[in-house]
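Heads up: the structure comes next, in structure tokens.
Residue numbers begin at 1 in each chain, while the letters A, B, ... track the order of the sequences. These numbers come from the heavy atoms of this one structure, side chains and all, not from hydrogens, waters or symmetry mates.
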Amino acid sequence: MNRFDDIFLKKVKEAFDSYDAGHLADEGWKRFVKNRRKKRGLTLLIPFRAKAASVLILLFAGSAVLYLTFQRQKETGPVAVRTDTVDMKETGKKTTRETIAGDRKVPAQTATFAEEAKSTAAVRTDMEKASETTAGTRPREKAARRPDTDRYAYRFVPAPAKRKGGILSVADRKPEALDVPETEERMMFLPEADAGSSGKTSFMAGVSGLMASVEDMVASAPGVAVGFYMEHRLNRSVAIRPGLALARHNYSLGDRYVGDRLVESSHDMSNLAGTIDTYDSHMEMLTMEVPVNLLFTLLERGGKRFFVSAGASTVFYLDQRFSGSYLSVTTRENLNTYTGEITYDTSYRTVSAESDHPAFSHVDLFGLTNFSAGYAFPMGKNSFMLVEPWVQLPVTDLTSLHLRMRYGGLSVKVQFGK
Amino acid sequence: MGSRKFSAEGIPDQQLVQGCLEGKEYCQEVLYKRYFSYAMSVCIRYAGNQDEAMKAVNDSFMKVLESLENYDPSKPFKPWYAKILVNTAIDRYRIHFRYRSKFADEDISEDREPEAEMDMDLAVNDILELYRHLPEQYRVTFNLYEMDGYTHEEIAQMLGITVSTSRSNLARAKKMLRELYRKKFESVSKAP
């Protein structure tokens, strides 16, 4: 090290050691507190791991609820016929009858209406006994015994026409054998649940205006998304809502982060020397988003309801275009071989770079967590209007440039069906 | 908060650290302000301007609060904080300036240099003015090696470059600083 360097270094150290920024401490602390509150709010609400965990939990819970729902529907649907032997007191004969749970087929009958009517209780009791004793008992029968399954109440169905094979029909019955009122027709065991199941699923279409924040910078222009969703009510207050949305993003950013990543991704810029001084970045994206959200109805009154939802979205990128223009500052050294003198030239250059990515070149699998709160109110006879502010927070870095993006917006949806 | 007056002169660092661990904002504020000037003096060397330096200081203090549990109270706080400051500054450098400068890696022969005289004091702003003309990687290497005492091996690891590049960057940084100083200040110092 030569003498100049020694002295220079000593003076630089002295200068920085005596650097006093005390007058900025208050301002610094204010900024620190402000940033921390912002960060803490988000971190407490959903730190990165919690976000990932919540997505998993939601998916698991959603899958479990769906599985249980489908299982239950299976059980209440057409099931195999079970044969019960009922001891008929009136005839003193053993009668074989087919008990059909929820089947549309009317079974063969070997008992009179009166016998059937009278033996309803016996059948039920018998079913209970059978359900306890028969191997492979179907949960359907258990459901029949549960007090909360009123919708599986037995109801009357019209009698079939005279059947072949010598089986007695209504006309063949003797009046004296009918010691029950005429209204008490033959009883079949049909669940009433089927009638209500179609009302649990509804469809909706919506449009959203959205803003994006890329890294720590809010985009200056909004994006737009249109989507179609299906809402399936799992119970009175919980519903699952998968969907498909197309979103157009068109943002102008003066953000250096985007610039850096664009520089890395662009061959045009790889030979650039020097320091990039200013940035002007632009991004356009067309994305297809598949959200799966769980909705929780908080308050429902008179057809109006407040709800919140949470879930995750997978994003497929149909088109990604990033462009930027950068002011590059390059310092070059020139050595004069005769005099040994070195001079430095600083040049400024504006460089443009573009980065296009083809469709489906990148997928962010469950890359976004969704949170929303909404208000739904009736609009027309059988439709609802939903106004729903929402935010989407990243679980991972998004897009082909691996940007930390957040979205927020307001969606307006029309729901068809209740 | 804000321009609150503190009577915290006598409180030792360890006590403040304990208070921070207990979540006392008062202790955090005192600790922050106690080392603010020092932290700025470190970060401004890497960031190049006050605003970026303040962001780096705030980032680093956030890291301090997050990792205070790992701090050994039997050791002085300042060197531990200094390490976090430098690491934070380097992290920001990595994020902001990922691409590599393409200056040639030719050897620098020091004897070709005309000897410059160094006879005036430098203020921080003067140095920053000189720094501003240095390529980012040169400046970071110079700071890490000369100011913060890291070895070339450590610098190479931190910046993801080779040891020889680190050496070369340092030599070039020095050469440029000499030349820049000569250009900028010699005429001033020789003026009547």
Side-chain angles (χ1 to χ4, degrees), chain A residues 1-36 39-40 43 215-216 256-257 259-261 263-264 269-276 329-333 335 337 339-344 346, chain B residues 1-4 25 28-29 32-33 36-42 44-45 50 53-55 57-59 61-62 65 95-103 110 112-124 126-127 130 133-136 146-147 172 174-181 183:
Chain A
M1 190 182 280
N2 62 32
R3 191 169 153 266
F4 173 87
D5 287 347
D6 286 338
I7 300 169
F8 179 77
L9 197 58
K10 191 181 163 195
K11 293 196 182 247
V12 168
K13 280 181 179 169
E14 278 173 9
F16 281 114
D17 284 346
S18 61
Y19 180 69
D20 183 12
H23 62 288
L24 295 169
D26 282 338
E27 189 193 335
W29 176 249
K30 275 181 193 169
R31 282 199 208 176
F32 175 77
V33 170
K34 193 178 165 188
N35 287 346
R36 184 174 60 174
K39 201 170 177 180
R40 186 188 277 171
T43 309
E215 302 293 347
D216 57 355
R256 63 175 60 185
Y257 292 85
D260 287 346
R261 286 170 173 83
V263 167
E264 286 177 346
M269 304 284 279
S270 60
N271 292 320
L272 183 68
T275 307
I276 292 182
V329 183
T330 312
T331 306
R332 287 219 172 101
E333 58 185 14
L335 173 66
T337 50
T339 61
E341 191 177 352
I342 298 174
T343 57
Y344 297 93
T346 303
Chain B
M1 204 178 82
S3 57
R4 192 192 297 168
E25 193 169 304
Q28 294 171 1
E29 187 176 351
Y32 177 91
K33 289 184 175 174
F36 181 77
S37 276
Y38 169 69
M40 282 292 284
S41 75
V42 173
I44 204 165
R45 287 193 269 118
Q50 234 168 37
M54 198 183 280
K55 285 180 187 170
V57 168
N58 287 351
D59 280 359
F61 198 70
M62 190 74 83
L65 294 182
I95 292 168
H96 291 200
F97 300 95
R98 281 187 176 182
Y99 77 103
R100 303 282 175 261
S101 293
K102 299 290 179 187
F103 289 94
E110 305 250 336
R112 289 188 305 189
E113 291 301 302
E115 185 72 15
E117 289 180 18
M118 185 81 206
D119 53 1
M120 64 177 285
D121 285 336
L122 288 171
V124 167
D126 297 330
I127 299 163
L130 296 177
H133 291 90
L134 281 183
E136 198 66 23
E146 295 292 0
M147 307 293 292
R172 287 174 180 284
K174 284 180 182 174
K175 193 161 72 169
M176 282 184 81
L177 283 170
R178 277 197 293 269
E179 183 60 27
L180 288 165
Y181 176 84
K183 268 184 172 177

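Proximity of a side-chain donor or acceptor of B:Ser37 to a complementary backbone N or O of A:Gly22 within less than 3.5 Å is detected.
A 4.5 Å side-chain heavy-atom check between B:Ile44 and A:Phe16 finds at least one atom pair inside the cut-off. Proximity of A:Phe8 to B:Arg178: side-chain heavy atoms (C-beta onward) are nowhere separated by under 4.5 Å.
When every heavy atom of A:Arg36 is checked against every heavy atom of B:Glu25, the shortest pair comes out as NH2-OE1, 3.5 Å. Closest heavy-atom contact between A:Val12 and B:Ile127: CA-CD1, 3.6 Å. The minimum heavy-atom distance linking B:Met62 with A:Phe32 is given by the pair N-CE1, 3.6 Å.
Distance check: B:Glu29 CD to A:Lys30 NZ gives 10.5 Å after rounding to the nearest 0.5 Å. With rounding to the nearest 0.5 Å, the separation of CE in B:Met40 from CG in A:Leu24 is 5.5 Å. Once rounded to the nearest 0.5 Å, the distance linking CG of A:Asn35 with NZ of B:Lys55 reads 9.0 Å. The distance from atom OH of B:Tyr38 to atom CG of A:Asp20, rounded to the nearest 0.5 Å, is 15.0 Å.
Proximity to chain A is limited to the side chain of B:Met54, based on heavy atoms less than 4.5 angstrom apart. With a 4.5 angstrom heavy-atom cutoff, B:Tyr32 touches chain A only via side-chain atoms.
Residue A:Lys34 places its NZ atom among 12 or fewer non-hydrogen atoms of other residues, nucleotides or ligands, all under 6.0 Å distant.
Looking only at heavy-atom pairs under 4.5 Å with chain B, the residue among A:Ser18, A:Gly28, A:Ala15 that has the most is A:Gly28.
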